[in-house]
Student: 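Starting off with a structure, shown below.
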Amino acid sequence: MKVLAIDTSNFTLGIALIDGNQVIGEYITNLKKNHSVRVMPAIETLLKDCDTLPKELNKIVVAKGPGSYTGVRIGVTIAKTLAWTLNIPLAAISSLEALAANGRYFNGLISPLFDARRGQVYTGLYEYDKNEQLKEIVADCNILSSEWAARLKEWNRPILFIGQDIEIHREALSEVLGELAVFVPPSLYNPRPSELALLGKDKEEEDIHLFVPNYVRMAEAEAKWLEQQENQKMMKANDNNE
């Protein structure tokens, strides 16, 4: 079973091809460049190098967010288009879950994170069980890093933090957790698309037409628009009561 995985949810652009449990090829860059013009050439190059035709693919797996709103949309749109045109299943995996897979051999809890600005992070809590299956302990969320650290302290267990944004929040996390906070080296900052593929190969398929990204929170522009609509409703209601 050949599976193509796509992750454009953050700066990292990741494409991987697996056949069963074997990783055939993997392409990763961590550059602040426009994913929209780079994804398809990257897929084409990887498939060509791996002597694989698009019609030989059996499944598409995509990182569904959270992360960069634009990045998530690009990956999801391309994945849906490929799955629909090739008439093959589409599976979606949390971008944070894919990142958490880098902590496979850590004896403790795993907290992947992306910076969400203003002291906030996108994060969740994961752990590998005795069967080496990655399990979600706390669902993906958007939270202040200091508040997240306080919640994690209640577990009283070592916590492995993963992600290229951990340096932004290291001080806030360490201040609360002390020696319980463990940080991965730079070589493990970026998600591996091969892990994304392996996580998604047995995942149940999505409805291609109904599937949407998981942003965890609304885009700032959308939130402001909804706030404006609510304010207008309140103003109209006040006018009617006068």
Side-chain angles (χ1 to χ4, degrees), residues 5 7-12 14 28 30 61-69 71-72 75 92-196 198-200 203 213-220 223:
D7 186 355
T8 64
S9 54
N10 288 279
F11 282 164
T12 303
I28 305 174
N30 184 26
V61 177
V62 67
K64 65 179 179 179
S68 159
Y69 296 115
V72 172
I93 298 294
S94 161
S95 304
L96 289 165
E97 182 180 356
L99 183 57
N102 286 2
R104 182 181 301 276
Y105 300 109
F106 181 70
N107 185 23
L109 299 172
I110 305 167
S111 176
L113 63 83
F114 305 132
D115 180 53
R117 301 181 183 178
R118 301 174 184 173
Q120 300 177 89
V121 292
Y122 295 118
T123 189
L125 198 61
Y126 296 82
E127 182 179 26
Y128 275 95
D129 62 20
K130 295 180 180 179
N131 297 318
E132 295 189 4
Q133 297 297 309
L134 187 60
K135 301 297 182 183
E136 180 186 82
I137 306 301
V138 176
D140 296 349
C141 59
N142 175 222
I143 188 173
L144 286 169
S145 56
S146 56
E147 183 179 339
W148 180 240
R151 288 181 60 182
L152 293 177
K153 191 173 183 180
E154 297 176 2
W155 291 85
N156 195 31
R157 295 179 61 188
I159 309 290
L160 181 68
F161 293 98
I162 305 177
Q164 61 181 334
D165 296 328
I166 56 177
E167 293 303 325
I168 300 173
H169 302 278
R170 181 189 288 264
E171 184 176 348
L173 297 168
S174 297
E175 185 177 348
V176 176
L177 291 167
E179 294 183 354
L180 291 176
V182 182
F183 300 90
V184 297
S187 60
L188 296 177
Y189 279 0
N190 300 323
R192 296 286 301 273
S194 55
E195 292 285 6
L196 175 65
L198 292 168
L199 286 168
K203 186 89 169 181
N214 177 25
Y215 297 119
V216 174
R217 70 176 185 185
M218 291 183 292
E220 185 174 357

Student: Could you pull out all residues at least two apart from Asp115 that satisfy side-chain contact (heavy atoms from CB on, under 4.5 Å)?
Tutor: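 Arg117, Asp165, Ile168, His169.
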Student: Using atom types as modelled, flag every donor-acceptor pair under 3.5 Å from a side chain in residues 184-191 to any protein atom, sequence neighbours excluded.
Tutor:
unit_1 : atom_1 : unit_2 : atom_2 : d
Tyr189 : OH     : Glu167 : OE2    : 3.1
Asn190 : OD1    : Thr12  : OG1    : 3.4

Student: Do the side-chain N and O atoms of Ser68 and Asn10 include a donor-acceptor pair separated by under 3.5 angstrom?
Tutor: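 There is no such pair (donor and acceptor under 3.5 Å, judged by atom type) between the side chains of Ser68 and Asn10.
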Student: Can you check whether Val216's main-chain N or O pairs, donor with acceptor, with Asn214's side chain at less than 3.5 Å?
Tutor: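 Yes; judged by distance alone, with no hydrogens or angles, the pair exists.
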Student: Does a side-chain heavy-atom distance below 4.5 Å link Leu199 with Val61?
Tutor: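 SC-SC contact between Leu199 and Val61 ruled out.
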Student: Looking only at side chains, do Asn102 and Glu195 share a donor and an acceptor under 3.5 Å apart?
Tutor: no
Student: Do the charged groups of Glu97 and Lys203 touch, with an N to O distance under 4.0 Å?
Tutor: no
Student: Keeping the roles fixed (side chain from Thr8, backbone from Val72), state whether a donor-acceptor pair exists under 3.5 Å.
Tutor: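 No; zero donor-acceptor contacts below 3.5 Å.
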Student: Would you call Val138 and Trp148 a side-chain contact if the rule is heavy atoms closer than 4.5 Å?
Tutor: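 Yes. Closest side-chain heavy atoms under 4.5 Å.
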Student: As an exercise, state the distance from OH of Tyr128 to OH of Tyr105, rounded to the nearest 0.5 Å.
Tutor: 8.5 Å
Student: Look up atom OG in Ser145 and atom CD in Glu175, then write down how far apart they are to the nearest 0.5 Å.
Tutor: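 Spacing of OG (Ser145) from CD (Glu175) equals 10.0 Å.
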Student: Is the shortest side-chain heavy-atom distance between Leu180 and Asn156 below 4.5 Å?
Tutor: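 Side chain of Leu180 against side chain of Asn156, heavy atoms only: contact under 4.5 Å found.
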Student: Both conditions, 6.0 Å and 45 degrees, for the charged tip of Arg170 above the ring of Phe183: are they met here?
Tutor: yes
Student: Search all heavy atoms of Ala98 against all heavy atoms of Ile93 and return the closest pair with its distance.
Tutor: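 That closest heavy-atom pairing would be N-CG2, 4.3 Å.
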Student: Stepwise, does the side chain to side chain contact (heavy atoms under 4.5 Å, CB included) test hold for Tyr122 with Cys141?
Tutor: CA-CA 6 Å; Tyr122 295 118; Cys141 59; over 6 Å; no
Student: Between atom CG of Leu125 and atom CZ of Arg151, what is the distance when rounded to the nearest 0.5 Å?
Tutor: 9.0 Å
Student: Please report the interatomic distance CD(Gln164) to CZ(Phe11), rounded to the nearest 0.5 Å.
Tutor: 7.0 Å
Student: Nearest heavy-atom pair of Gly108 and Arg157: which atoms, and what distance?
Tutor: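 Minimum heavy-atom separation between Gly108 and Arg157: CA-NH2, 3.9 Å.
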Student: At their closest point, which heavy atom of Leu134 faces which heavy atom of Tyr126, and how far apart are they?
Tutor: CD1-CB, 3.8 Å
Student: Check whether any side-chain heavy atom of Phe161 sits under 4.5 Å from a side-chain heavy atom of Leu177, and report yes or no.
Tutor: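 Yes, side chains in contact.
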Student: Just wondering, more than 12 heavy atoms not from Asn107 lying within 6.0 Å of its CG?
Tutor: no
Student: Between Pro66 and Asn142, is there a side-chain heavy-atom distance shorter than 4.5 Å?
Tutor: no
Student: Run the numbers on Phe114 and Ile166 for side chain to side chain contact (heavy atoms under 4.5 Å, CB included), then give the verdict.
Tutor: CA-CA 8 Å; Phe114 305 132; Ile166 56 177; over 6 Å; no
Student: Indicate yes or no for a side-chain donor-acceptor contact from Thr123 to the backbone of Leu113 under 3.5 Å, with no hydrogens or angles considered.
Tutor: no
Student: Can you tell me how far CD of Glu127 sits from CG of Leu109, rounded to the nearest 0.5 angstrom?
Tutor: 5.0 Å
Student: Quick one: pull up CG in Leu173 and CG in Leu152 and give me the separation to the nearest 0.5 Å.
Tutor: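 It is 8.0 Å, given to the nearest 0.5 Å.
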